[in-house]
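In what follows, residues are counted from 1 in the order of the sequence shown.
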Amino acid sequence: DHEAARCWPSALAHVADMVYFQDFEEFEAAARELFATQPLRTRYLFTYRANASRAILDVTNDRVHLKYKTFMLADLKKLERFNQAFARWTCTANLDTLDEQDAELAAAKEAEKPKAKAKSLAPKAKPKRSRKG
């Protein structure tokens, strides 16, 4: 059985430790830690089944398999946030800063917000009517 595992990586699926999470914050912390230990081997898969109203998020490095499943539509925002964070992790040069918010991303979000028009306290002038005669 282990002979097949040397030839085919997919045969390692039964050897890997699979961990199911009920709490998303715990899942996110475990995924961050897994990524920090092996960034080049860690990957994730997001699966959404509309007919079952189910979303599944898997993070693995072929040895450890982390899984979070939800049926709540409200959790999709959390999954989107995780997707953005994982993409940021893969681009970072310093793995010690995985927990920190990306300053460039925060500045871009702030710049994207619409500017509120300042209201003037002065009364508006009425347009003058011209008389033709």
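Partners of Gln38 according to the side chain to side chain donor-acceptor pair (under 3.5 Å) rule, which considers only residues two or more places apart in sequence or in another chain, are Asn61. Partners of Asn51 by side-chain contact (heavy atoms from CB on, under 4.5 Å), not counting sequence neighbours, listed by chain and number: Arg49. Ala30 pairs by the side-chain contact (heavy atoms from CB on, under 4.5 Å) definition with Phe21, Leu66, not counting sequence neighbours. Residues passing the salt bridge (charged side-chain N to carboxylate O under 4.0 Å, His left out) test with Arg41, sequence neighbours excluded: Asp62.
If you chain together hydrophobic residues whose side chains sit under 4.5 Å apart, Phe27 and Phe46 fall into the same group.
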Atom pairs and distances, side-chain donor-acceptor, residues 69-83, under 3.5 Å, sequence neighbours left out:
{"unit_1": "Thr70", "atom_1": "OG1", "unit_2": "Met72", "atom_2": "N", "d": "3.0"}
{"unit_1": "Thr70", "atom_1": "OG1", "unit_2": "Asp75", "atom_2": "OD2", "d": "2.6"}
{"unit_1": "Asp75", "atom_1": "OD2", "unit_2": "Tyr68", "atom_2": "OH", "d": "3.2"}
{"unit_1": "Arg81", "atom_1": "NH2", "unit_2": "Glu28", "atom_2": "OE1", "d": "3.4"}
{"unit_1": "Asn83", "atom_1": "OD1", "unit_2": "Tyr44", "atom_2": "OH", "d": "2.0"}

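Going from atom CG of Leu57 over to atom NZ of Lys67 covers 10.5 Å, rounded to the nearest 0.5 Å. Distance CZ/Arg63 to OG1/Thr37: 12.0 Å, rounded to 0.5 Å.
Contact check for Thr42 versus Thr60: no side-chain heavy atoms found under the 4.5 Å cut-off.
Residue Glu25 qualifies as enclosed at atom CD: its count of foreign heavy atoms under 6.0 Å is above 12.
Just one of Asp17, Asp58, Val19 meets the side chain to side chain contact (heavy atoms under 4.5 Å, CB included) condition when paired with His65; it is Asp58.
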